[in-house]
Amino acid sequence: MSGSYDDSVGVEVSSDSFWEVGNYKRTVKRIDDGHRLCSDLMNCIHERARIEKVYAQQLTEWAKRWKQLVEKGPQYGTVERAWCAFMSEAEKVSELHLEVKGSLMNEDFEKIKNWQKEAFHKQMMGGFKETKEAEDGFRKAQKPWAKKLKEVEAAKKAYHAACKEEKLAISRETNSKADPALNPEQLKKLQDKVERSKQDVLKTKEKYEKSLKELDNATPQYMENMEQVFEQCQQFEEKRLRFFREVLLEVQKHLDLSNAASYKNIYRELEQNIKTADAVEDLRWFRANQGPGMSMNWPQFEEWSADLNRTLSRREKKKASDGVTLTGINQTGDQVSQPNKHSSVSSYEKNQSYPTDWSDEESNNPFSSTDANGDTNPFDEDTSPAMEVRVRALYDYEGQEQDELSFKAGDELTKMENEDEQGWCKGRLDNGQVGLYPANYVEPIQ
């Protein structure tokens, strides 16, 4: 394994062991990593909270859009009511996910933030107090042993150099004996060199063994001191790990809606609403309100009257399905009764908020954009101009279509055009609104 060099003690680190000088830095680094992991966990929770919020908004928008379409569509009874309950479920679940988002941010996120602030103390010169204390503790524990280790390394180096020198001197001496050119004095010098080299080997070896023994004697104390500092770091890290486990359990509780009573109630209520849907009841309601069970103003003999006799218009025929009874006219032209809007409405219809006069031919069908009757806006038709006349309303009238006027009994307005073949007049209210109204609902102001 390749070694590294630790500048703090000037010793080469030759292995990956914790006991090697300088390898404690990994333990110290874990403190800084703990602070970073707190920030990462907060960012993780923040992103999840944002997802919960977006999901809640999408559920609400989806429910609102489809609820409007269903309510504007053909209302056939209990099945459509169950369909609307499906959208109500989304709205309620949306509220729960907003609560999850609030719990994640207001409880879990803030809890980590406060713990991080209390556990890690920043220094003026940068870094954390806890990191510096661990670093100083390890340095202090290693310093005596590292000093002796340095001496061992130097003694070993000197011993190995002496051994190398001895081997070289012996080799030279051996070669010189075979060389006749060398004089005895030169041979003596080579022999003396060999002797000195052997003495150096013995001295350096002794010093090497002595320093190594001193290092061995210092090792137990070194290990004890290092263990003590390491345990302090372990205790600090244990606090963080236990805290993370506690927070993650809280996050799990906030995210797990399956155990929430309100969440279960939403689907229990949805199931009940769906099960109450009754096809037979819906068919019975449609028969009574949109089929053969509807009331009908069957044609009857009527005396002719120049001023008051009127023919049912296409609008009045449609309103007959709502139970609107037109004014009865006697032969003398006197009024019999005020128009009233009553009919035999089923108890089911009274309890519903859905419109009962919807049909595929009406312009308010959200799934159709064409007029099935082939009618066009009366304001686009050519009408013969007539002199404007002031008239007074005999009865209340609520416009049922966009091009109709609404007024109360006693209100005055201006008739702009004469009555058409269907019994409608074009008029103008005093506020400037122009539209159609039933001709027999007003009388000229004398």
Side-chain angles (χ1 to χ4, degrees), residues 288-290 294-346 349-350 352-359 361-364 373 375 377-379 381 383-446:
N289 294 276
Q290 303 289 344
M294 296 175 66
S295 61
M296 173 64 180
N297 290 332
W298 300 103
Q300 297 179 2
F301 178 79
E302 296 181 10
E303 288 291 347
W304 177 83
S305 174
D307 297 327
L308 298 178
N309 193 43
R310 297 294 180 262
T311 305
L312 285 174
S313 70
R314 64 179 180 88
R315 290 178 173 80
E316 288 167 328
K317 286 178 181 177
K318 269 198 291 187
K319 291 173 182 59
S321 65
D322 286 334
V324 178
T325 304
L326 298 179
T327 306
I329 306 297
N330 62 17
Q331 295 182 5
T332 60
D334 294 333
Q335 228 174 264
V336 176
S337 64
Q338 175 180 337
N340 58 79
K341 298 183 179 181
H342 64 85
S343 68
S344 55
V345 182
S346 69
E349 179 185 358
K350 292 180 179 178
Q352 299 302 308
S353 60
Y354 312 125
T356 59
D357 59 348
W358 195 95
S359 72
E361 298 178 354
E362 291 187 10
S363 61
N364 63 346
N373 290 330
D375 295 329
N377 191 330
F379 297 135
E381 299 174 356
T383 55
S384 56
M387 183 179 297
E388 295 185 349
V389 178
R390 292 290 288 177
V391 295
R392 180 183 293 107
L394 295 172
Y395 322 108
D396 294 349
Y397 181 74
E398 185 71 25
Q400 301 297 310
E401 296 189 16
Q402 211 171 16
D403 59 348
E404 296 180 14
L405 298 178
S406 298
F407 45 74
K408 301 289 184 181
D411 289 351
E412 297 183 3
L413 59 151
T414 302
K415 182 174 76 171
M416 301 174 62
E417 295 179 2
N418 290 329
E419 175 184 354
D420 61 18
E421 68 278 2
Q422 294 181 335
W424 290 81
C425 284
K426 180 178 179 182
R428 181 178 63 248
L429 299 178
D430 291 344
N431 61 8
Q433 182 182 356
V434 176
L436 301 178
Y437 63 89
N440 60 342
Y441 270 57
V442 302
E443 66 177 0
I445 299 177
Q446 301 298 333

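Residues: numbered from 1 along the sequence shown.
Here Leu436 contributes atom CG and Met416 contributes atom CE; the two are 10.5 Å apart, rounded to the nearest 0.5 Å. From Tyr397, atom OH reaches atom CG of Asn440 across 10.0 Å, with rounding to the nearest 0.5 Å. Between Leu413 atom CG and Ile445 atom CD1 the span is 8.0 Å, to the nearest 0.5 Å.
Nearest approach of Gly427 to Leu405, heavy atoms of both residues: O-CD1, 3.6 Å. Summarising the geometry of Asn418 relative to Cys425, their closest heavy-atom pair is C-SG, 4.1 Å, with the distance given to 0.1 Å. Nearest heavy-atom pair across Arg390 and Asp430 is NH1-OD1, 3.0 Å. Residue Ala409 comes nearest to Leu394 through the heavy atom pair CB-O, 3.6 Å, listed as atom of the first residue, atom of the second, then distance.
Classified by interplanar angle (parallel below 30°, tilted 30° to 60°, perpendicular above 60°), the ring pair Tyr441/Phe407 is perpendicular.
In this structure, the side chain of Glu398 does not engage the main chain of Asp396 through any donor-acceptor pair within 3.5 Å. In this structure, Asp403 contributes its side chain and Gly435 its backbone to no donor-acceptor pair below 3.5 Å.
Applying the side-chain contact (heavy atoms from CB on, under 4.5 Å) test between Glu388 and each of Glu417, Lys415, Arg428 identifies Arg428 as the sole match.
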